[in-house]
Protein chains: 4
Amino acid sequence: MSQSRRGRPRSAAVHEAILNATRTLLVDAGYRGVSMDKVAALAGVAVQTVYRRWPSKAPLVVEAVMQAYASGDFTLPDTGDAIADLTTWMREYAEIGSTAESVALIRSLAAAAAEDLTDRDTLYEQLTGRVHDAVCHRLRVGVSAGQIRDDADVEAATDALIGAMLYRTLSVTASAQETEERYRGVIDALLQGIST
Amino acid sequence: MSQSRRGRPRSAAVHEAILNATRTLLVDAGYRGVSMDKVAALAGVAVQTVYRRWPSKAPLVVEAVMQAYASGDFTLPDTGDAIADLTTWMREYAEIGSTAESVALIRSLAAAAAEDLTDRDTLYEQLTGRVHDAVCHRLRVGVSAGQIRDDADVEAATDALIGAMLYRTLSVTASAQETEERYRGVIDALLQGIST
Amino acid sequence: MSQSRRGRPRSAAVHEAILNATRTLLVDAGYRGVSMDKVAALAGVAVQTVYRRWPSKAPLVVEAVMQAYASGDFTLPDTGDAIADLTTWMREYAEIGSTAESVALIRSLAAAAAEDLTDRDTLYEQLTGRVHDAVCHRLRVGVSAGQIRDDADVEAATDALIGAMLYRTLSVTASAQETEERYRGVIDALLQGIST
Amino acid sequence: MSQSRRGRPRSAAVHEAILNATRTLLVDAGYRGVSMDKVAALAGVAVQTVYRRWPSKAPLVVEAVMQAYASGDFTLPDTGDAIADLTTWMREYAEIGSTAESVALIRSLAAAAAEDLTDRDTLYEQLTGRVHDAVCHRLRVGVSAGQIRDDADVEAATDALIGAMLYRTLSVTASAQETEERYRGVIDALLQGIST
DNA sequence: CCCTAAGCGAGACGGTACGTCACGTCTTCCT
DNA sequence: AGGAAGACGTGACGTACCGTCTCGCTTAGGG
């Protein structure tokens with residue numbers, strides 16, 4: 001089946017060590033503070049070994065961060081109450097996004113994506129896009145359940161939700177509580193509307 | 001009155017040349033592709049001359065991009081109709097954000113902000129924060145005019161509006177028309193609410 | 001009697017392929033241009049297979065070059081006429097040393113020897129020293145035959161002969177004819193003396 | 001006169017430090033043991049500073065060694081007695097060539113020359129060729145003085161003299177005394193001839 | 001006829017050096 | 001003083017090579 005199984009196989013331990021080292025450096029020194037040399041040194045690995053697996057810094061960072069969060073399942077909860085589920089989801093994210101570590105990692109993803117279009121697309125495909133689809137899906141279920149208006153622009157609403165979270169994460173440093181309140185406000189505004 | 005005006009005054013032409021060179025490089029090669037050496041060379045200027053005016057790359061890029069758009073006035077139009085004004089503002093942004101050049105510049109700002117916390121704060125202070133305030137202000141005027149609900153979380157709504165725009169700009173490459181439609185959808189959802 | 005001859009025997013074809021590849025690379029790219037990886041690749045062989053037979057680059061190069069010339073017998077001709085025999089021998093060398101290929105190979109040996117003392121000693125033992133001994137021997141036979149002065153410093157004369165050839169080969173690029181004439185001049189000078 | 005004297009001038013101290021460091025490394029570790037990184041580190045200088053002045057290792061080594069010896073004057077002594085002068089010159093070289101340091105440096109030159117044709121030519125032009133010319137010149141003066149046969153092939157004799165020295169230096173490790181004796185033998189053989 | 005030792009291709013791996021690029025500081029001369 | 005030019009220390013980049021290693025497969029001789 002596996003057509004080419006020749007040569008010494010790549011060490012899984014090395015893979016982990018590199019990703020761990022990358023995350024450590026990201027949290028400690030930010031995206032700028034990560035260099036292939038430092039990653040290799042911290043992982044106890046030769047530089048070439050890093051390059052053998054990742055062509056450059058950005059994809060390495062993307063994979064390192066993704067691995068930390070991506071259980072692979074971005075599905076939102078579905079208790080039957082769309083509003084409650086959205087709130088739950090956002091609160092969870094607010095919690096995650098309130099630790100300095102997580103914020104550093106997420107900002108690193110943004111940095112990697114902003115530098116290179118290819119990396120951006122990879123990231124969208126593997127992370128952002130999936131979250132987008134998951135939120136859209138939950139909203140559409142809400143439409144079927146009669147909780148969300150059937151003439152609502154679900155895609156646009158999703159953009160507003162994810163966008164607000166992205167904007168807050170990248171732009172300001174806030175406490176978990178502030179963040180959670182703001183997210184609740186976003187959900188309220190979006191559900192009930194702000195016009196008279 | 002000018003406290004010390006001795007020696008040769010700084011050349012305004014040099015200032016412009018540097019900012020222009022920076023923008024050219026940003027559009028052509030992205031944030032990564034800009035280096036102080038290249039900027040100086042393209043502007044026909046010595047490296048030191050660049051450093052005499054900007055401490056590092058990020059502030060230079062920020063100023064170069066800001067200068068291209070910011071007339072310094074981020075005030076939203078006020079025709080008395082808050083909804084129409086928001087729509088107008090977003091459509092304008094959609095137009096700006098649909099040219100490849102502009103997208104490149106905006107992504108450069110995001111890159112600068114994501115890489116370094118100091119740069120992020122500078123950027124927020126000079127650009128993002130002002131836009132945020134302008135949108136908030138227009139919404140509050142709308143509240144006074146009875147067009148926006150007085151129990152609406154204006155800050156949260158602003159986050160949703162700006163966030164959606166940021167998210168779209170950074171995540172996907174879309175036509176001006178698509179972008180405008182999506183923005184209209186965001187405004188509709190936010191104004192009328194999506195819950196039944 | 002072979003103490004242990006178990007296991008798969010080493011392939012003679014592989015041996016030849018490696019030496020051939022080494023010579024090709026030497027001629028094409030010089031000593032610097034030879035790398036164990038390239039040799040292996042060109043020979044269609046695994047790197048490890050090269051290292052199984054030669055501990056490092058220098059001995060490999062030495063053997064590759066030696067194999068091309070050394071029939072293993074460095075004996076000078078002995079027709080009874082020492083002077084004629086020396087001339088014959090030098091002319092032969094001049095011919096060999098006038099092809100670009102051969103010069104490249106000889107210069108490679110010099111490079112290997114000059115870089116590392118161990119390699120130099122190996123080389124002297126296997127090649128230079130043998131040639132030296134062969135020339136000395138022929139001269140001593142000439143002494144016995146009454147053609148060479150019996151108070152001559154045979155070792156010194158040998159140094160002069162071999163040295164002149166080495167010096168010319170390493171220092172200048174010359175035609176076969178020029179080289180042969182010069183060598184003839186060296187023999188003449190050394191035999192008859194240059195003092196009045 | 002000096003058409004371009006702009007910019008910060010290159011530091012002479014840096015130049016010396018680099019050449020000194022190169023010589024130290026050559027003596028301690030041989031040509032192979034010299035690397036641009038080590039040279040820079042030992043000289044207390046940035047790697048780039050070394051590359052700014054020398055394109056690669058070989059020319060740097062050539063200049064470093066040349067500087068140690070080349071007073072620029074390779075003229076042989078001229079006391080009126082050609083034979084005595086040649087002997088004096090060779091004895092001086094034998095002394096120089098008997099210290100481990102000098103041998104290491106000379107072997108480094110050979111290594112540099114053997115690796116690259118361009119470097120070889122540079123070296124010949126600046127060092128070997130000059131010595132050759134000086135020896136030839138002294139011999140020709142000897143011809144005029146009636147001490148050297150006027151039908152002698154002066155060029156060939158020079159090749160034999162220099163060649164013998166080169167050969168001995170590169171091939172064997174010997175004491176100063178041995179070396180001097182051998183050189184004396186070379187001169188004797190060449191002057192008086194070895195044929196009966 | 002299997003068993004065991006070695007050869008062999010393939011390629012991962014830790015190191016070291018390479019030569020280049022970028023950053024931000026500095027020194028020099030010229031205006 | 002401003003400005004052009006360019007040297008300089010620092011450090012990251014991505015590549016090449018060295019010599020070792022770990023795989024799976026092949027090729028022999030020995031039980």
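Scope of the values below: all heavy atoms of this structure, side chains included, with no hydrogens, waters or symmetry mates.
- Scanning residues 35-52 of chain A for heavy-atom distances under 4.0 Å to DNA chain F yields A/Ser35, A/Met36, A/Asp37, A/Lys38, A/Gln48, A/Tyr51.
- Checked by atom type and distance alone, the side chain of B/Arg107 pairs as donor or acceptor with a backbone atom of A/Ala113 at under 3.5 Å.
- With A/Glu63 as reference, A/Leu19 is the one residue of A/Thr22, A/Leu19, A/Thr122 to meet the side-chain contact (heavy atoms from CB on, under 4.5 Å) rule.
- With DNA chain F read from its 5' end, the first of the two nearest nucleotides for A/Val34 and C/Val34 is the one closest to A/Val34.
- For A/Arg6 and E/dC8, the CZ to P distance is 16 Å, given to the nearest whole Å.
- B/Gln67 and B/His15 share no donor-acceptor pair across their side chains, judged by distance under 3.5 Å alone.
- Side-chain atoms of C/Arg8 and base atoms of F/dT26 include a donor and an acceptor less than 3.5 Å apart.
- Applying the salt bridge (Lys or Arg N to Asp or Glu O under 4.0 Å) test to residues at least two apart or on different chains, the pairs with a partner in residues 18-32 of chain D are C/Glu115-D/Arg32.
- Checking side-chain atoms of D/Thr24 against main-chain N and O of D/Asn20 turns up a donor-acceptor pair under 3.5 Å.
- Rounding to whole angstrom units, CH2 of residue B/Trp54 and C1' of F/dG3 are separated by 14 Å.
- In this structure, A/Glu101 places its CD atom where only 12 or fewer heavy-atom neighbours from other residues, nucleotides or ligands lie under 6.0 Å away.
- When each of A/Pro9 and B/Ser56 is assigned the nucleotide of DNA chain E bearing its nearest heavy atom, the one mapping closer to the 5' terminus is A/Pro9.
- Within residues 10-30 of chain A, the residues having any heavy atom under 4.0 Å from DNA chain E are, by residue number, A/Arg10, A/Ser11.
- Expressed to the nearest 0.5 Å, how far OH of D/Tyr51 lies from CG of D/Leu60 amounts to 10.0 Å.
- In this structure, the side chain of B/Lys57 does not engage the main chain of B/Met36 through any donor-acceptor pair within 3.5 Å.
- Within the nucleic acid shown, A/Arg53 comes within 4.0 Å of sugar-phosphate atoms alone, with no base atom in reach, counting heavy atoms only.
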